[in-house]
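Quick notes on the structure that follows.
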Amino acid sequence: MRIATFNINGINGRIEILLRWLAATTPDVVCLQELKAPQERFPEAAISDAGYGAVWLGQKSWNGVALLARGCDPIETRRGLPGDASDVQSRYIEAAVNGVLVAGLYLPNGNPRPGPKFDYKMAWLARLRDHATMLMDSGAPVVIAGDFNVMPTEADVYKPERWHDDALFAPEVRAAFAALLAQGWTDAIRHLHPGETIYTFWDYFRNAYARDAGLRLDHLLLSPALVPRLTGAGVDRDVRGWDHPSDHAPAWIELNADGAAASPRRKARRAKTG
DNA sequence: ATGGCATCCGAGGGATGA
């Protein structure tokens with residue numbers, strides 16, 4: 001089971017990119033961010049024709065998130081992050097697909113720092129931690145995936161010294177992300193590829209992609225039940241080099257089937273008997 | 001240190017992004 005996250009940067013302007021990538025990689029679940037389309041302008045027919053059911057939360061001009069599932073309809077469990085009834089920005093949607101609860105999010109950028117946008121980001125992170133506690137305590141197999149707008153460590157930035165005061169990398173933002181992980185979530189890509197330079201975003205400016213001046217902003221966090229099922233993780237980096245691309249590339253994980261997880265003991269037993 | 005590019009809306013640039 002492949003679960004991917006992709007900040008599409010305008011789903012109608014970029015529908016050809018999305019369809020080409022779906023056909024090329026056939027992910028089972030997709031979290032999309034930055035639809036930049038109102039609810040009624042989501043390209044439901046094109047996505048259905050590609051073989052995907054979808055739930056989405058649109059917004060005029062900005063934000064917007066969706067969950068796609070190959071060959072079935074996601075069972076929506078929540079739209080909008082709880083904790084602030086006055087928050088009108090479309091940044092969170094959650095659904096069950098094939099026994100996995102998938103939370104798709106688009107965290108606020110937060111620049112400039114300091115300022116009201118940064119305060120909103122910090123408040124959103126606090127609400128996410130509260131809700132993630134509930135998800136963790138449920139014991140369900142959960143993936144929280146999306147554009148977190150946070151580089152977790154210095155290894156996730158092409159030139160960390162230039163980003164220390166930025167809302168994507170400031171100490172209190174990284175601390176909030178670390179506190180989220182400390183609940184027991186696993187950063188799947190970093191877990192399988194420690195010490196590797198991995199980016200998911202390259203600015204449109206200054207030839208950033210060709211220079212590999214990137215940031216790792218898009219993450220997939222696993223609840224403990226899913227870690228033994230994790231068999232692969234990566235970034236579809238080449239998508240950033242296609243014509244008319246998003247400034248983000250898709251990131252993905254691969255999970256083996258529920259019940260097929262090979263614990264060391266079972267693996268050893270199988271090796272002895274087989 | 002700055003500006004570079006791209007989205008959307010809507011009809012001209014303005015807001016936003018990272």
Side-chain angles (χ1 to χ4, degrees), chain A residues 5-21 31-43 46 56-66 87-92 104-122 124-125 128 145-174 176-177 197-219 235 237 239-251:
Chain A
T5 178
F6 189 9
N7 180 322
I8 193 71
N9 191 15
I11 194 168
N12 287 307
R14 215 101 48 202
I15 188 67
E16 295 308 322
I17 291 272
L18 177 63
L19 296 176
R20 180 180 169 191
W21 169 72
C31 306
L32 294 174
Q33 303 88 37
E34 285 210 82
L35 304 180
K36 295 187 172 180
Q39 189 70 14
E40 66 275 14
R41 290 204 53 225
F42 184 83
W56 65 95
L57 182 57
Q59 183 181 329
K60 185 178 172 182
S61 299
W62 317 123
N63 310 318
V65 286
D87 185 358
V88 295
Q89 299 191 25
S90 297
R91 295 181 176 277
Y92 186 91
L105 63 81
Y106 174 48
L107 230 137
N109 174 306
N111 278 308
R113 167 183 175 269
K117 290 186 176 180
F118 188 71
D119 296 341
Y120 174 63
K121 179 177 197 167
M122 294 308 296
W124 212 95
L125 277 161
L128 177 61
D147 178 357
F148 283 71
N149 269 317
V150 177
M151 297 88 90
T153 72
E154 305 241 331
D156 303 311
V157 195
Y158 68 101
K159 274 200 170 145
E161 65 275 14
R162 289 194 183 174
W163 290 86
H164 280 130
D165 296 326
D166 192 277
L168 280 64
F169 197 54
E172 61 271 46
V173 171
R174 277 189 276 164
F177 186 84
T197 297
I198 300 172
Y199 302 136
T200 64
F201 167 91
W202 297 262
D203 211 305
Y204 289 122
F205 309 150
R206 291 172 302 199
N207 212 21
Y209 180 61
R211 295 189 298 116
D212 200 25
L215 308 172
R216 193 169 74 95
L217 301 178
D218 302 271
H219 311 298
V235 176
R237 202 180 183 287
V239 175
R240 180 62 180 81
W242 291 358
D243 285 341
H244 198 54
S246 168
D247 40 9
H248 293 250

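A note on names: the letters A, B, ... follow the listed sequences, proteins ahead of strands, and every chain is numbered from 1. Here the structure is a predicted model, which is why all the values come from computation and not from measurement.
Here the two rings, on A/His164 and A/Phe169, have centers that are under 6.0 Å apart.
Of the P atoms belonging to B/dG10 and B/dG4, the separation is 27 Å, rounded to the nearest Å. Taking atom C1' on both nucleotides, B/dT7 is separated from B/dA18 by 13 Å, rounded to a whole Å. One P atom belongs to B/dA11, the other to B/dC5, and the distance between them is 26 Å to the nearest Å. Between B/dG12 and B/dC8, the distance separating the two C1' atoms is 14 Å to the nearest Å.
For the pair A/Trp202 CH2 and B/dC5 C1', the interatomic distance rounds to 17 Å; values are reported in whole Å. Atom CZ of A/Phe201 is separated from atom C1' of B/dT7 by 12 Å (rounded to the nearest Å). A/Phe148 places its CZ atom 14 Å from the P atom of B/dA18, with the value rounded to the nearest Å. Distance CZ (A/Arg211) to P (B/dC5): 13 Å, rounded to an integer number of Å.
Not counting sequence neighbours, the partners of A/Arg237 by the salt bridge (Lys or Arg N to Asp or Glu O under 4.0 Å) test are A/Asp212. For A/Pro114, there are no side-chain contact (heavy atoms from CB on, under 4.5 Å) partners two or more places apart in sequence or in a different chain.
You'll find the side chain of A/Leu168 reaches within 4.5 Å of the side chain of A/Asn111, heavy atoms only.
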Can you pull every protein N or O that's under 3.5 Å from an N or O on nucleotides 8-17 of chain B?
residue : atom : partner  : partner atom : Å
B/dG17  : OP2  : A/Lys117 : NZ           : 3.3

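Nearest-nucleotide mapping onto DNA chain B: of A/Pro245 and A/Leu168, the residue sitting toward the 5' end is A/Pro245.
Under the 3.5 Å distance criterion, with hydrogens and angles disregarded, no donor-acceptor pair is assigned to the side chains of A/Asp203 and A/Tyr158.
Between A/Phe177 and A/His219, the ring planes are tilted. Angles from 30° to 60° get that label.
Counting any heavy atom pair closer than 4.0 Å across all strands shown, A/Asn207 reaches no nucleic acid atom.
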